[in-house]
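Working notes, structure below.
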Amino acid sequence: MRRKRTTWILCIVALCTVLYTIVVSRMDRKTDIIVGGVDGAFVRGDSVTFVDPNATETPEPTPDIWPKIDIALSQYSLVNDKNMLPSAFEPEVSKIERTSYMMFSTAALPHLNAMLDALEAEGFTVHVGGAYRSYSFQNKLFNSKASQIAYPITDYTDPKYQEAVEEAKKITMMPGTSEHQLGLAVDLFDKQYTRLVYSEMNQDFYAWLDAHCAEYGFIKRYPTKKLLLTGWDEPWHYRYVGVEAATFIMENDLCYEEFYAHYVPEFKY
């Protein structure tokens with residue numbers, strides 16, 4: 001009986017010793033614990049008694065990942081039926097060498113040429129279908145489309161003609177509402193295309209553009225899936241906004257309206 005009691009006491013002593021050793025070792029043991037949602041934010045803490053420091057301290061703000069740009073610069077201009085360009089607006093433009101008469105922003109032209117050179121180096125035959133258009137030229141395009149729809153009615157005051165005008169607005173941009181007047185927009189096609197039906201065009205051509213256009217400062221301006229936000233379905237239309245903004249837009253699958261709204265909170269689309 002005495003031997004059993006002695007054995008029991010020794011066991012208790014041994015167990016207490018083990019527990020004491022564990023507690024002491026834990027007191028000096030620290031581990032890296034990630035706190036907050038910011039990458040690289042670490043704090044040294046006791047892995048047993050760790051308390052979230054956010055409970056007593058204000059956490060560091062999440063870094064703003066949006067590009068630091070001046071949205072007031074002309075290359076970031078938003079042009080649509082609610083943000084119209086005046087008829088007197090005329091950017092400085094120069095001829096696109098591989099075309100007969102197409103013009104593009106003089107400042108952005110080197111970037112366009114570099115992108116077209118890269119396209120051709122990939123084996124594509126590039127056709128520039130549209131570039132800079134003056135206010136007056138866009139006006140002629142729009143009136144021509146309205147007259148075509150209204151034919152044989154020619155009286156502008158006729159209600160039927162006005163209906164044609166409204167129908168034309170869905171097909172051709174009104175003067176002052178087209179990005180082409182900025183001199184920063186270009187319509188690109190593979191020369192093998194036969195009509196303006198995107199599904200029948202060279203999809204490899206556009207796949208390359210979508211993957212690489214941002215490297216030259218361009219974005220796909222009116223992708224089909226963003227129709228409800230942009231109001232237009234023109235997947236062949238590319239717009240220069242600069243490499244930094246273009247990279248962010250394309251990598252995050254944004255349309256320009258979504259990007260612009262971040263910098264101009266009062267903007268509604």
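If you read the sequence from its start, that first residue is 1, and numbering goes on from there. Atom set for the values below is all heavy atoms of this structure, side chains included, hydrogens, waters and symmetry mates excluded.
The local environment of CZ in Phe267 is crowded, with over 12 non-hydrogen atoms from other residues, nucleotides or ligands closer than 6.0 Å.
Side-chain heavy atoms closer than 4.5 Å link hydrophobic residues (I, L, V, M, F, W, Y) into clusters, and following such links, possibly through other members, connects Trp66 to Ile219. Phe142 and Ile171 are members of different hydrophobic clusters when ILVMFWY side chains are connected at heavy-atom separations under 4.5 Å. Ile149 and Met173 fall into different hydrophobic clusters, where Ile, Leu, Val, Met, Phe, Trp and Tyr are joined by side-chain heavy atoms under 4.5 Å apart, directly or via other members. Placement of Val243 and Tyr76 in two distinct hydrophobic clusters is found when ILVMFWY residues are connected by side-chain heavy-atom separations under 4.5 Å, directly or transitively. Residue Val165 is grouped with residue Tyr156 when hydrophobic side chains (ILVMFWY) are merged at heavy-atom distances under 4.5 angstrom, including chains of intermediate members.
Put simply, the side chain of Ser147 gets close to the backbone of Asn143: a donor and an acceptor are under 3.5 Å apart. Looking at Lys220, its side chain never comes within 3.5 Å of a backbone N or O of His237 through a donor-acceptor pair. Here the side chain of Gln138 pairs no donor or acceptor atom with the backbone of Gln181 at under 3.5 angstrom. Distance alone, capped at 3.5 Å, places no donor-acceptor pair between the Asn252 side chain and the Leu254 backbone. In this structure, the side chain of Glu90 does not engage the main chain of Ala88 through any donor-acceptor pair within 3.5 Å.
Across every non-hydrogen atom of Pro235 and Thr224, the tightest pair is CG-OG1, 4.0 Å. What you find for Leu188 and Leu116 is that their closest heavy atoms are CD2-CD2, 3.9 Å. Taking every heavy atom of both residues into account, Phe189 and Gly129 meet most closely at CE1-CA, 3.7 Å. The shortest non-hydrogen separation linking Ala245 to Phe259 is CB-CZ, 3.7 Å. Shortest non-hydrogen contact noted between Met250 and Asp210 is CE-O, 3.5 Å. Closest heavy-atom contact between Leu182 and Ser74: CD2-O, 4.5 Å.
Contact annotation: the side chain of Tyr260 never approaches that of Cys255 to less than 4.5 Å [non-hydrogen atoms, C-beta and beyond]. Residues Asp81 and Met174 are not in side-chain contact: their nearest non-hydrogen atoms beyond the backbone lie 4.5 Å or more apart. The closest side-chain heavy-atom distance from Trp232 to Asn80 is not below 4.5 Å. Counting heavy atoms from C-beta on, the side chains of Tyr240 and Tyr216 never come closer than 4.5 Å. With contacts defined as side-chain heavy-atom distances shorter than 4.5 Å, the pair Tyr206/Phe124 does not qualify. At a threshold of 4.5 Å between non-hydrogen side-chain atoms, the residues Tyr256 and Val241 count as touching. With contacts defined as side-chain heavy-atom distances shorter than 4.5 Å, the pair His127/Trp236 does not qualify. Using a 4.5 Å heavy-atom threshold, the side chains of Asn83 and Val79 count as separate.
Remark: Asp117 CG to Leu112 CG distance equals 9.0 Å, nearest 0.5 Å. Note that CD of Gln75 is 8.5 Å distant from CZ of Arg239, once rounded to the nearest 0.5 Å. Atom-to-atom distance recorded for Arg133:CZ and Leu141:CG is 5.5 Å, nearest 0.5 angstrom. In this structure, the separation between NZ on Lys95 and OG1 on Thr106 is 13.0 Å, given to the nearest 0.5 Å. Rounded to the nearest 0.5 Å, atoms OG (Ser94) and CG (Leu109) are 6.0 Å apart. In this structure, CZ on Phe104 lies 6.5 Å from CD1 on Ile96, to the nearest 0.5 angstrom.
For the pairing with Asp190, the side-chain contact (heavy atoms from CB on, under 4.5 Å) check across Thr125, Leu209, Asp204 returns one residue only, Thr125. When each of Arg221, Lys226, Lys268 is paired with Glu257, the salt bridge (Lys or Arg N to Asp or Glu O under 4.0 Å) condition holds for Arg221 and for no other. Residue Glu166 is tested with Lys170, Gln162, Lys169 for a side-chain hydrogen bond (donor to acceptor under 3.5 Å, both in side chains); the sole match is Lys169.
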Q) Where do Tyr132 and Val186 land on the side-chain contact (heavy atoms from CB on, under 4.5 Å) test, with the steps shown first? A) CA-CA 7 Å; Tyr132 168 68; Val186 63; over 6 Å; no
Q: Show your working on side-chain contact (heavy atoms from CB on, under 4.5 Å) between Ile71 and Val264 and close with a plain yes or no.
A: CA-CA 8 Å; Ile71 200 68; Val264 184; 4.2 Å; yes
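If you check the side chains of Ser178 and Tyr135, you find no donor sitting under 3.5 Å from an acceptor.
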